[in-house]
Amino acid sequence: MDYAKIAKEIYTLVGERENLVSAAHCATRLRLVIADNEKCDAKAIEDVDGVKGVFFASGQLQVILGTGTVNKVYDEFLAVSGLTAATKDEVKAAAAAKQNIFKRTIKAIGDVFVPILPAIVATGLMMGLVEALAKAIPTFAASDWFAVLDMIANTAFAYLPVLVAVSAARVFGGNIFLGAVIGLLMIHSNLINAWAVSSYEGEIPVWHLIGDIVTIRQVGYQGHVIPVVIAVFLMSKVEAWLHKHVPEVIDLFVTPLVTVLITSFTTLIIIGPVFATVENYVLGAAENLIALPFGIGAFIMGAIYPLTVVCGLHHMYNVIELGMLSNVGLNTWMPVASAANFAQCAACLAVALKCKKAKTKTIAIPSAISASLGITEPAIFGVNLRMMKPLIAGMAGGAIGAAVGAVMGVGATANGVTGIPGFLITTNCTLQYALVLLISFVVSFAVCWAIWHEEEEDGKPALKTGGSKASDVKAADIKTDEKTVGRSENLPELKCEAKTVYSPMEGIVIARNEIDDETFAAGVLGDGVGIVPFVNEVRAPFDGTISSIFDTKHAVGLASADGMELLIHVGINTVELEGEHFEAYVEEGDAVKAGDLLIRFEDDKIKAAGYDITTAVLLCNSDEYDELHIEKTGAVKQLEKLITVK
């Protein structure tokens, strides 16, 4: 294969250097970020010799080349294009930069608020517990213990602008310590505490900088988050501009000084007053929506909440919830989110219990558990959205549950926690909150059970597992603590048969078209199977040679002496982990025997990161054979006969 020729043709068809932003590759695909999709001839790229498929995804042009080929074409592509090698994170960042301003804004909001949630959750939980103890034990409310614990519990909310400012500076590329200064300025002790304004005696003092034309009202911004984010965004842009234009010899003191002065005056004169007013209107609208008679507003939000998760808009709710907590001390938005999330859990669980496909069960059960704890992305994206009817069932349950929560006045002392953990932050409404979850669950589960029916993919019957379940198959007795390459003494001695692939791991075999990756499922990279693993290691499936092992350690290519070319790819999109949680025990060119250890991976951590660990075992040159037989379906042990070809 002429790798240079392939690279040159792809380079020409994507629009050459002026249309290229960055380039990277994974185990099988060349991943390009291009400036203008209209200038790229994707159809012609598909016809290039060696290219097995082309598609756009996540702002990237992905050119499928296959294991052992993609890395060689990538090297040639860098040479002909003049680009430097980019990491996967750099490519993802470049792709994100191409998104419209609305999507970038939503992503930025999420990036700012998600990292500070642990602090909010921790202090919110403590606040709820301290208040509960004070009401249950009157003498405790008058004790020094209460005073100290109450102070600790209120810290994150009292200095919320500082937390937001530091996180925003990190997201926008500014100096986090300058960001902290801006956050502290907005709650400075020389300003009247915003929470005390209503009880302030006399007229609010004002600084007159230029007569009555330019003034600063001496009130702080406790409880506000939008003005802080806008202020730090401005600060980061000013700082970046100054770094580029101020001579290096004076940059160290001129840039921080001018940055703080410009940002401070702009914030106190314009940003603070304007956006604090905007935020008050937003909070008022949200509170009024939840307070509509008969829970109508909550009903609507409970229904559309999962759609906002799909669109990535749900991070905006952090602003609303934090504002509620800071202003009135009660988060009434939480039961809406909790009802919606728990309903998606119920719909996903209904799919898990009703379906027959092992692949679907292995995804749906852990996804439902995750959703019950408030993390719904696996359930929504992995199950409900793909099948649509479960998503609709979840929307129905979420709508009714949210309405019930609004009518009963359920609220919380923190945000960032929903589902079962939400019991820890509800305020004097444990039974009501339990009723919200119960109603959401029952309605969603019943609707999903009634309207969803398992459909056969591509007109082919689902693989039969002989009634085996994951719990019925005992994991192989593997020495998971061994750190050297070699066979486990508990694996059987194997005399390899020609043109035979033995199972590289123990687990459940699923059909290729059930793998949750369009490239693998379509057979673009060759025919084979998927395996949902029970063990955390990959063993050589025949005697042969390592043709490729990727830097990210999640995939390995092997060639047998009789000409089989095999790809073993652990997980779906696990290239994004950049090798984290993977360890490779072989190098390219190594000779291996069936049963030799190739890769180990931390399956629990990979799943916790939101990735499907289904492993693709694909014969890349399957089109060279007249027949390919899947010898094993359902439960399989390591080194059992898996695939044969003729």
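Scope of the values below: all heavy atoms of this structure, side chains included, with no hydrogens, waters or symmetry mates. Residues: numbered from 1 along the sequence shown.
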Is the closest side-chain heavy-atom distance between [X] and [Y] below 4.5 Å?
{"X": "Asp590", "Y": "Asp596", "result": "no"}
{"X": "Met564", "Y": "Asp562", "result": "yes"}
{"X": "Tyr611", "Y": "Asn573", "result": "yes"}
{"X": "Arg512", "Y": "Asp527", "result": "yes"}
{"X": "Lys389", "Y": "Val447", "result": "no"}
{"X": "Leu65", "Y": "Val51", "result": "yes"}
{"X": "Asp75", "Y": "Tyr3", "result": "no"}
{"X": "Phe520", "Y": "Thr614", "result": "no"}

Seminar exercise, completed: side chain to side chain contact (heavy atoms under 4.5 Å, CB included) with Glu537: of Leu597, Leu598, Ile599, Asp603, only one passes, and it is Leu597
Enter the distance from [X]:[atom1] to [Y]:[atom2] here, rounded to the nearest 0.5 Å.
{"X": "Phe601", "Y": "Lys553", "atom1": "CZ", "atom2": "NZ", "answer": "14.5 Å"}
{"X": "Arg539", "Y": "Tyr585", "atom1": "CZ", "atom2": "OH", "answer": "9.5 Å"}
{"X": "Leu628", "Y": "Thr644", "atom1": "CG", "atom2": "OG1", "answer": "7.0 Å"}
{"X": "Phe582", "Y": "Lys605", "atom1": "CZ", "atom2": "NZ", "answer": "12.5 Å"}

Exercise. Salt-bridged, Glu9 to Lys5, with N to O below 4.0 Å?
Worked result: yes
For this session: In plain terms, say whether Glu640 and Lys632 are close enough for a salt bridge, that is, a side-chain N and a carboxylate O under 4.0 Å apart.
Result: yes
So, for [X] and [Y], which heavy atoms are closest and what is the spacing to 0.1 Å?
{"X": "Leu437", "Y": "Phe423", "result": "CD1-CE1, 3.8 Å"}
{"X": "Lys8", "Y": "Val80", "result": "CD-CG2, 3.8 Å"}
{"X": "Asp516", "Y": "Ile572", "result": "O-CG2, 3.5 Å"}
{"X": "Cys348", "Y": "Ala368", "result": "SG-N, 3.8 Å"}
{"X": "Ile531", "Y": "Ser503", "result": "CD1-OG, 3.7 Å"}
{"X": "Gly397", "Y": "Ala343", "result": "C-CB, 3.8 Å"}

Problem set entry | Verdict with supporting geometry, Ile546 and Glu587, side-chain contact (heavy atoms from CB on, under 4.5 Å) | CA-CA 7 Å; Ile546 302 298; Glu587 297 180 355; over 6 Å; no
Problem set entry | Exam field: side chain Thr615 to backbone Ile613, donor-acceptor pair closer than 3.5 Å | yes
For this session: Using modelled atom types only, decide if a donor and an acceptor are shared between the side chain of Lys641 and the backbone of Glu631 within a distance under 3.5 Å.
Result: no
For this session: Could you check whether the rings of Tyr11 and Phe77 sit parallel, tilted or perpendicular, using 30° and 60° as the cut-offs?
Result: perpendicular
For this session: Give the ring-plane orientation class for His569 versus His554, where under 30° counts as parallel, over 60° as perpendicular and anything between as tilted.
Result: perpendicular
